[in-house]
Amino acid sequence: MSAELLPTMDAPLLPTYARANVTFVRGDGCRIWDDTGRSYLDFVAGVAVVSLGHRHPSPLAAAQEQLDRLWHASNLYYTEPMAKLAGLLSTRVGGAQAFFCNSGAEAVESALKYARKATGRTRIIALEDSFHGRTLGALSATGQPAKWEGFGPLVPGVSFAPANDIEALEAAMAPSGDVALILLEPVLGEGGVIPLELEFIAAAAEIAAESGALLCADEIQTGIGRTGTFLASEQFGLKPDLITLAKGLGNGLPIGALLVTEKALGGFSPGDHGSTFGGNPVCCAAACAVVEAIDEDMLSNVRDRGAELAAGLASMPGVTGVRGKGLLLGATLDRPVGPVVDSCRDRGLLVLSAGQGVLRLTPPLVLGPAEVEEALGIIRAVLATG
Ligand SMILES: *Cc1c(COP(=O)(O)O)cnc(C)c1O
């Protein structure tokens with residue numbers, strides 16, 4: 001039997017994910033099709049990745065054109081898409097230099113290394129319930145002990161403070177003077193869609209500045225328009241020293257970035273860090289098209305559709321709370337979330353879970369009011385049966 005004829009669920013894949021038994025073969029806009037021809041409304045969007053929707057014409061054309069021209073050179077040279085993307089991102093965040101890599105975890109690794117090198121210090125402060133990735137450094141800075149099990153010893157020097165607890169953050173900084181980095185997600189995504197409070201973020205920025213530590217906003221999930229502004233940090237009045245990006249940046253092509261804003265420049269010299277594939281021309285060409293597409297119209301669509309979705313969820317029997325920003329929304333339920341995710345999929349809607357029993361919605365940013373209604377109808381029907 002040829003490999004193609006084996007059922008996909010028998011593929012020799014390491015069981016790192018509890019995959020649903022569905023195989024996707026095609027996408028278009030907010031919809032995705034499985035290998036039986038069935039279509040689903042996609043409110044997962046590859047976990048906040050396919051922000052412009054599947055096969056959006058702009059990144060598609062940009063990537064196709066670049067595929068036809070040059071796939072790869074090396075970071076020993078310049079390529080046009082990488083230079084253009086660095087310029088676009090710098091403009092959007094008010095001045096920054098970029099390091100490009102291939103994933104969120106790599107962007108976080110870059111931030112950890114940058115902070116240690118730039119400050120000459122070693123300690124890192126992160127938040128309980130945070131998520132920063134699965135490589136050893138990023139995992140060590142992820143505040144979810146269950147994810148550490150079996151992988152120790154972790155990278156030393158990391159302390160955790162509960163989100164939105166300023167005193168605990170101050171306590172975690174002590175003894176002062178040796179903290180290189182405070183790392184935070186403006187809205188904890190994987191941890192359960194928990195927005196940080198304005199005062200907490202302001203205090204974190206002040207504490208970092210006073211102590212000479214760098215502050216990194218991990219905007220891998222919240223960035224590139226997901227929360228209704230280009231960066232979520234904008235809504236908190238936060239001007240981070242470092243910014244990590246990935247998920248939505250390439251609309252599905254793998255790309256991550258560390259942005260070092262102007263006040264924190266100077267930490268890396270040639271040879272300090274690198275990535276063979278980082279800044280790949282095809283991924284950068286697509287990412288340029290994505291960044292250019294996140295304009296004021298798109299951002300106001302994110303805010304409007306997000307508000308409709310949040311209001312619809314909040315009024316639903318079975319929903320005990322709704323939180324998040326823009327189109328990064330979490331609903332707490334009066335029942336376990338796993339079966340709700342499965343029933344929604346059975347009825348043609350892809351949704352996610354996050355943290356402890358939170359239903360998470362991360363639909364494409366291009367979503368329309370009709371799709372919001374359709375999704376709310378399916379969730380309402382699922383909750384009514386349980
Ligand atoms: C997804 C995520 C990461 C890790 O990204 P990968 O591309 O899976 O390595 C890091 N930080 C945050 C906030 C994320 O949501």
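Every number for a ligand or one of its atoms is a count from 1 in the order of the listing. The first residue of the sequence shown is numbered 1, and numbering continues consecutively from there. A quick note: this is a predicted structure, and the numbers were derived from the prediction, not measured. Side chains included, hydrogens not; waters and symmetry mates left out as well; all remaining heavy atoms used.
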Practice task
For S103, take its heavy atoms, then give the atoms of ligand 1 lying under 4.0 Å from any of them.
Solution key: 7 (O), 9 (O)

Exercise for the section: Check R134 against ligand 1 and report side chain, backbone, both or neither, counting heavy atoms closer than 4.0 Å. Expected result: neither

Exercise for the section: Ignoring angles and geometry beyond distance, decide whether F131 reaches within less than 3.5 Å of ligand 1 through its nitrogen or oxygen atoms. Expected result: yes

Practice task
Measure the shortest side-chain to side-chain distance between F131 and I220 over non-hydrogen atoms and say whether it is less than 4.5 angstrom.
Solution key: no

Practice task
Determine whether the side chains of D218 and T244 contain a donor N or O and an acceptor N or O closer than 3.5 Å.
Solution key: yes

Practice task
Please determine if G104 has a nitrogen or oxygen closer than 3.5 Å to a nitrogen or oxygen of ligand 1.
Solution key: yes

Completion exercise
Besides Y17, the hydrophobic cluster formed by Ile, Leu, Val, Met, Phe, Trp and Tyr side chains linked at under 4.5 Å, directly or via other members, contains none

Practice task
Could you pull out all residues at least two apart from F99 that satisfy ring pair (Phe, Tyr, Trp, His ring centres under 6.0 Å)?
Solution key: H273

Handout entry: Polar proximity ligand 1 side, Q221 side, N/O cut 3.5 Å exclusive
Key = yes

Handout entry: Minimum side-chain heavy-atom gap V47-E190 below 4.5 Å
Key = yes

Handout entry: Ligand-side contact atoms (ligand 1) for residue partner E185, heavy atom cut-off under 4.0 Å
Key = 13 (C)

Problem - Lys/Arg-Asp/Glu bridge criterion (N-O < 4.0 Å) met for E296, R303 - result: yes

Practice task
Please confirm whether A105 comes within less than 3.5 Å of ligand 1 when only nitrogen or oxygen atoms on both sides are compared.
Solution key: yes

Problem - Sub-4.0 Å protein heavy atom near atom 8 (O) of ligand 1 - result: no

Exercise for the section: Could you tell me whether E65 and R69 make a salt bridge, using a distance below 4.0 angstrom between a side-chain N and a carboxylate O? Expected result: yes

Problem - Between S233 and E219, a side-chain donor and acceptor under 3.5 Å - result: yes

Handout entry: Backbone or side-chain N or O of D218 under 3.5 Å from ligand 1 N or O
Key = yes

Handout entry: Atoms of ligand 1 close to K247 [distance to a heavy atom under 4.0 angstrom, numbered from 1]
Key = 1 (C), 2 (C), 3 (C), 14 (C), 15 (O)

Exercise for the section: Give the atoms of ligand 1, by number and element, whose distance to some non-hydrogen atom of H132 is under 4.0 Å. Expected result: 10 (C), 11 (N)

